There are 2 protein chains.
Amino acid sequence: MNYSVSEENYIKSIYHLQQQTETVTTNSLANELHTKPASVTDMLKKLQTKKLVEYEKYRGFKLNSTGNKIALNIVRRHRLWEFFLVNKLGFEWDKVHDIAEELEHVSSADLIKRLDSFLNFPQTDPHGDPIPDTNGKIAIIKQQCLTEIAAKKNVVVSSVSNQSPEMLEMLKHYHIAISTTLKVNKHFAFDGSVEIKVSQHASCIISQQVAANIFVHHD
Amino acid sequence: MNYSVSEENYIKSIYHLQQQTETVTTNSLANELHTKPASVTDMLKKLQTKKLVEYEKYRGFKLNSTGNKIALNIVRRHRLWEFFLVNKLGFEWDKVHDIAEELEHVSSADLIKRLDSFLNFPQTDPHGDPIPDTNGKIAIIKQQCLTEIAAKKNVVVSSVSNQSPEMLEMLKHYHIAISTTLKVNKHFAFDGSVEIKVSQHASCIISQQVAANIFVHHD
DNA sequence: ACTTTTTTTTAGATTTGTCTAAATTTTAAT
DNA sequence: ATTAAAATTTAGACAAATCTAAAAAAAAGT
């Protein structure tokens, strides 16, 4: 079956919100999509009749397994295109989201299959987020954010959850990118900032706000 | 300014029809877009208020210079994506039109600039049609179709105006592709068929119907 | 437990792009 | 020059997706 751009955007946003809370509220979805709660209610009735969500009036909603599969397919398309934009066309990673947002709705399965192969079957997108496979299987990367890492531990940056130009600017300044290895020296109790050391560079201190957006794994 | 997918499709179709006749009729455009004449009239009023077409009731219409520039930009996007699909993703040329039809509406100028550079600034798409440049300049390739070529002349295939799988099948069978060199041996008066010789293959006869879709230039 | 606030839904309107059927204009035919 | 046929436009309706304003339900506060 084929879904409209609008339907796909709703499905994808519900998916993303469900990463944080099991069931999603009308307001939060309206906020995510920059639309009005009334519009959300309208669309949710539609998604319910199409049997993609579980929805009870006033009770919130969540994707059922069909909806989830569709969401993962959209996420797959989005992340493959992001990979393409960064690794083939040379975009900076803070510029690709909006373009991938449009490309993800191009509805050819063959296209995505070939794109995947052309890109050599990447496992993660440029922000370090895993790319679901054709069957909607997605790697769960056990990761912690930098604020949770004990002092003296070596870690590898696996993803960054804020993709703004401002964030990118900071990360570049600190010489941090996906798969960069760094060592946590010390946590400061006063403001939660963290001193780290990145390879051959001098140690530096990053604010809690920045640290909270950097996800890492051990080894 | 930004145009809807629908508006872009109308603009592009008017452009294509104008290649054959200076002014375009409501019916022919409806036919091209698989829509109804009434819908065409509606959209044309809109394009007129947006000052993209010259339009007089019952008199047909044509793109003005603004409309023409926009059309050429859409054609540029379409053909660059077709080139990408064939030369990078390995699609056969008869499969790319519908996908490029969707990709062409993705509205990032930077994307197209980078795609162009990634593809190494191709001059023609996989069917041999010229790709307009950023300013809407398009090479006019002086070409004749095979039925018009005098016997004993050597020519190079520059484009093929029918992109169906059936046509591709025939061309493959005859070992004809874009930039193939061939020699016209003889025209048969009875049915307009043409005997040709392609490089080291044995001469063969192609029907007038096929010959009329193969465009060539000398040398 | 009752009231206030917040959240969600309904009702009705709007925009974009489309359609059918009827009316109008142009073109072709006798 | 009339009439018949074809092409085009208008009028009015419809579907998708959105909105505002009002009503209803749930949650929070006293």
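Computed from a prediction, not measured in an experiment: that's the story for all the values here. Every chain is numbered from 1 and lettered A, B, ... according to where its sequence line falls, protein lines coming before strand lines. Note that these values count all heavy atoms, side chains included, but never hydrogens, waters or copies made by symmetry.
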Just the rounded figure in Å: distance from [atom2] of [N] to [atom1] of [X].
| X | N | atom1 | atom2 | answer |
| --- | --- | --- | --- | --- |
| A:Lys57 | D:dA24 | NZ | P | 11 Å |
| B:Asp42 | C:dT15 | CG | P | 16 Å |
| B:Leu33 | C:dT18 | CG | P | 8 Å |
| A:Asn31 | C:dT8 | CG | P | 11 Å |
| A:Tyr55 | C:dT7 | OH | P | 16 Å |
| B:Glu56 | C:dT24 | CD | C1' | 17 Å |
| B:Leu44 | D:dT8 | CG | C1' | 12 Å |

Short side-chain N/O contact from [X] to OP1 or OP2 of [N], under 4.0 Å:
| X | N | value |
| --- | --- | --- |
| A:Ser39 | D:dC19 | yes |
| B:Lys45 | D:dT9 | no |
| B:Thr35 | C:dC19 | yes |

Taking atom CD as the centre, does B:Gln19 end up with more than 12 heavy-atom neighbours from other residues, nucleotides or ligands that are less than 6.0 angstrom away?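 It does: B:Gln19 CD has more than 12 such atoms within range.
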
Just wondering, are more than 12 heavy atoms of other shown residues or ligands nearer than 6.0 Å to NZ in A:Lys69?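 For A:Lys69, atom NZ is not crowded (no more than 12 foreign heavy atoms under 6.0 Å).
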
What's the closest nucleotide to the [X] side chain, out of [options]?
| X | options | answer |
| --- | --- | --- |
| A:Arg59 | C:dT10, D:dA27, C:dT18 | D:dA27 |
| A:Tyr58 | D:dA21, D:dT18, D:dA25 | D:dA25 |
| B:Met43 | C:dT18, D:dT8, D:dA25 | C:dT18 |
| A:Lys36 | D:dT8, D:dC19, C:dC19 | D:dC19 |

Members of residues 6-27 of chain A that approach DNA chain D, where some heavy atom sits under 4.0 Å away: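 Within this stretch, A:Ser6, A:Tyr10 sit under 4.0 Å of the strand.
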
Between B:Phe84 and B:Phe118, what is the ring plane arrangement, given parallel below 30°, perpendicular above 60°, and tilted in between? tilted

Looking only at side chains, do B:Glu82 and B:His78 share a donor and an acceptor under 3.5 Å apart?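 Yes, because at least one side-chain N or O of B:Glu82 sits under 3.5 Å from a partner of the opposite role on B:His78.
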
Check: residues 135-145 of chain A side-chain donor-acceptor pairs under 3.5 Å, at least two apart:
{"residue": "A:Gln143", "atom": "OE1", "partner": "A:Ser158", "partner atom": "OG", "Å": "2.9"}
{"residue": "A:Gln143", "atom": "OE1", "partner": "A:Ser159", "partner atom": "OG", "Å": "3.3"}
{"residue": "A:Gln144", "atom": "OE1", "partner": "A:His218", "partner atom": "NE2", "Å": "3.2"}

So, using ring pair (Phe, Tyr, Trp, His ring centres under 6.0 Å) as the criterion, who are the partners of B:His105 when residues are at least two apart? none

Passing option when B:Phe61 is tested against B:Thr25, B:Leu47, B:Thr26, B:Thr23 for side chain to side chain contact (heavy atoms under 4.5 Å, CB included):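 When B:Thr25, B:Leu47, B:Thr26, B:Thr23 are each tested with B:Phe61, the side chain to side chain contact (heavy atoms under 4.5 Å, CB included) holds only for B:Thr26.
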
